[in-house]
**Q** 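Once you've had a glance at the structure underneath, I'll fire off some questions.
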Amino acid sequence: MLTKITFFERFEQDILSGAKTITLRDEAESHVFAGQILPVSTFEADRWFCDIKVIEVVPVLFSALTEQHAAQENMTLPELRRVIHEIYPGLEQLFQIRFCVVNTRAHPVD
Ligand SMILES: CC(=O)Nc1cc[nH]c(=O)n1
């Protein structure tokens, strides 16, 4: 079972703003369940930046990606296809993890 998840730094602001509400992962990173709280760190520096709550996990084929998936990733569909192909070259079976942000780093109080 996955107990933490990482995202590339370039996705951090989209996640924190709520613009990105899904992530497409391979089978190895699909072992999460609805209601699970996962700490989220950057892939590059392993820097924690929020916790997410998993809403659902749904299998989806690369060839079946739609504009709706792209909108949930805050991308265009061609952009999403390119990004996923770069991360998982040639992989057809993906898993959509839908999530919401439940905890972010504290903002300093003046
Ligand atoms: C680090 C990493 O694999 N990040 C990913 C992979 C797929 N989707 C995504 O949003 N982030």
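Throughout, residue positions are numbered sequentially from 1 according to the sequence presented. Bear in mind the structure is a predicted one, so any value in this text is a computation, not a measurement. Counting starts at 1 for both ligands and their atoms, following the listed order.
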**Q** Hey, does K53 have a side-chain heavy atom less than 4.5 Å from the side chain of F99?
**A**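 Result no, sub-4.5 Å side-chain heavy-atom pair not found.
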**Q** Angle class for the H85/F62 ring planes (parallel below 30°, perpendicular above 60°, tilted otherwise)?
**A**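 Plane angle between 30° and 60°, so tilted.
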**Q** So, using salt bridge (Lys or Arg N to Asp or Glu O under 4.0 Å) as the criterion, who are the partners of E79 when residues are at least two apart?
**A**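 For E79 there are no salt bridge (Lys or Arg N to Asp or Glu O under 4.0 Å) partners, ignoring immediate neighbours.
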**Q** Using the six-membered ring of Y88, assess whether NZ or CZ of R81 lies under 6.0 Å from its centre and within 45 degrees of the ring axis.
**A**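 Here R81 fails the 6.0 Å and 45° test against Y88.
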**Q** Mark yes or no for whether E44, through its side chain, and E9, through its backbone, hold a donor-acceptor pair below 3.5 Å.
**A**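 Checking the backbone N and O of E9 against the side chain of E44, a donor-acceptor pair under 3.5 Å is found.
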**Q** Given a heavy-atom cut-off of 4.0 Å, could you list the residues near ligand 1 in chain and number order?
**A**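 Contacting ligand 1 under 4.0 Å are T6, F7, F8, F11, K20, T23, L24, R25, F43, I87, Y88.
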**Q** Main chain of F33, side chain of Q36: is a donor-acceptor contact present, judged purely on distance under 3.5 Å?
**A**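 Pair found, side chain donor or acceptor close to backbone of F33.
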